[in-house]
Amino acid sequence: VQLQASGGGLMQPGGSLRLSCAASGSTSDYYAMGWFRQAPGKEREFVAAITWSGGTIDYADSVKGRFTIARDDAKNAVYLQMNSLKPEDTAVYYCAADKKSPWQTGTLNSAYSAYDYWGQGTQVTVSS
């Protein structure tokens, strides 16, 4: 699976951005999708994840109520809508795919080591 993230940019605090992640390759398997971010000098951290069916979603506490993850399997895409952006949201954002067995499709991981495929990252900068 190849992942291509896009949609990052410079935004003022309180603004919104929508990140997109386009998937190609073996997309017929069961993949949970996640977004992670990494700020300079910090470790990569979990942001949000969504199961293969879209029925279960998880968010980091720091983004709950502000960010929304969604997937469109017809377009092989996953999105991250980011509202009420804060300077501390500044980071490189990565989309990732976690290949699941059929009996695991309802589970999610927040550990980046669990994810099998990664996109190249897109920079989000929140600054006035």
Side-chain angles (χ1 to χ4, degrees):
V1 172
Q2 294 79 46
L3 303 174
Q4 180 77 30
S6 61
L10 174 64
M11 179 57 62
Q12 292 186 342
S16 297
L17 280 174
R18 186 193 193 211
L19 304 184
S20 299
C21 178
S24 61
S26 300
T27 57
S28 61
D29 292 322
Y30 301 105
Y31 289 100
M33 299 299 295
W35 286 96
F36 289 76
R37 65 187 182 187
Q38 189 166 17
K42 295 187 177 182
E43 293 187 353
R44 191 168 298 189
E45 65 173 1
F46 171 76
V47 176
I50 185 169
T51 53
W52 171 74
S53 68
T56 301
I57 290 173
D58 190 22
Y59 296 99
D61 288 342
S62 58
V63 306
K64 280 181 181 176
R66 300 189 299 122
F67 290 11
T68 302
I69 188 171
R71 65 189 297 162
D72 185 340
D73 291 330
K75 297 181 178 180
N76 289 331
V78 62
Y79 307 99
L80 186 68
Q81 178 68 42
M82 305 186 296
N83 299 329
S84 302
L85 283 164
K86 303 176 181 180
E88 51 263 44
D89 294 320
T90 296
V92 177
Y93 283 71
Y94 299 89
C95 62
D98 177 9
K99 187 175 180 180
K100 298 290 192 180
S101 300
W103 56 90
Q104 297 175 317
T105 56
T107 62
L108 289 174
N109 283 304
S110 60
Y112 68 79
S113 59
Y115 288 74
D116 304 289
Y117 303 97
W118 291 84
Q120 86 289 0
T122 184
Q123 176 70 47
V124 172
T125 302
V126 184
S127 175
S128 55

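Source: prediction; values computed, not measured.
Sorted by first and then second residue, the ring-ring contact (aromatic ring centres under 6.0 Å, His included) pairs involving residues 59-98 (not counting sequence neighbours) form an empty list.
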Per-pair distances, 0.1 Å, donor-acceptor, side chain in residues 112-119, under 3.5 Å, sequence neighbours excluded:
{"unit_1": "Y115", "atom_1": "OH", "unit_2": "N109", "atom_2": "O", "d": "2.6"}
{"unit_1": "D116", "atom_1": "OD2", "unit_2": "K99", "atom_2": "N", "d": "2.7"}

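Partner of M82 under the side chain to side chain contact (heavy atoms under 4.5 Å, CB included) criterion, out of V126, V63, V124: V124 alone.
Rounding to the nearest 0.5 Å gives a distance of 12.0 Å between CD1 of I57 and NZ of K64.
With hydrophobic clusters built from ILVMFWY side chains whose heavy atoms lie under 4.5 angstrom apart, F36 does not share a cluster with V1. Under the 4.5 Å side-chain contact rule for hydrophobic residues, I69 and L19 share a cluster. In the hydrophobic clustering of ILVMFWY residues, with side-chain heavy atoms under 4.5 Å counting as a link, L10 and L85 come out apart. Residues L80 and F46 do not share a hydrophobic cluster, clusters being chains of Ile/Leu/Val/Met/Phe/Trp/Tyr side chains in contact below 4.5 Å.
Here the shortest heavy-atom pairing between R66 and S84 reads NH1-O, 2.9 Å. Annotation for I50 and L108: closest pair C-CD2, 3.5 Å, computed over non-hydrogen atoms. Of all heavy-atom pairs spanning V92 and G121, the tightest one is CG1-CA, 3.8 Å. When all heavy atoms of S128 and P13 are compared, the closest pair comes out as N-CD, 3.7 Å. Scanning both residues, G8 and T122, for their nearest heavy atoms gives N-OG1, 3.1 Å. Between A97 and L3, the shortest heavy-atom distance links the atoms N-CD1, 3.7 Å.
Between Q120 and Q4 the shortest side-chain heavy-atom distance falls below 4.5 Å. Side-chain atoms of K100 and T51, non-hydrogen and from C-beta on, never get closer than 4.5 Å to each other. S16 places none of its side-chain heavy atoms less than 4.5 Å from the side chain of M11.
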Go through the steps for R37 and S62 under the test side chain to side chain contact (heavy atoms under 4.5 Å, CB included), then give the verdict. CA-CA 12 Å; R37 65 187 182 187; S62 58; 3.5 Å; yes
Going through the distances and angles, do Q123 and T90 end up as a side chain to side chain contact (heavy atoms under 4.5 Å, CB included)? CA-CA 8 Å; Q123 176 70 47; T90 296; 4.1 Å; yes
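A salt bridge does not link K86 to D89: none of the charged side-chain nitrogens sits closer than 4.0 Å to a carboxylate oxygen.
The side-chain hydrogen bond (donor to acceptor under 3.5 Å, both in side chains) check on K42 picks up nothing, with sequence neighbours excluded.
The neighbour count for E88 CD, taken as heavy atoms of other residues, nucleotides or ligands under 6.0 Å away, is above 12.
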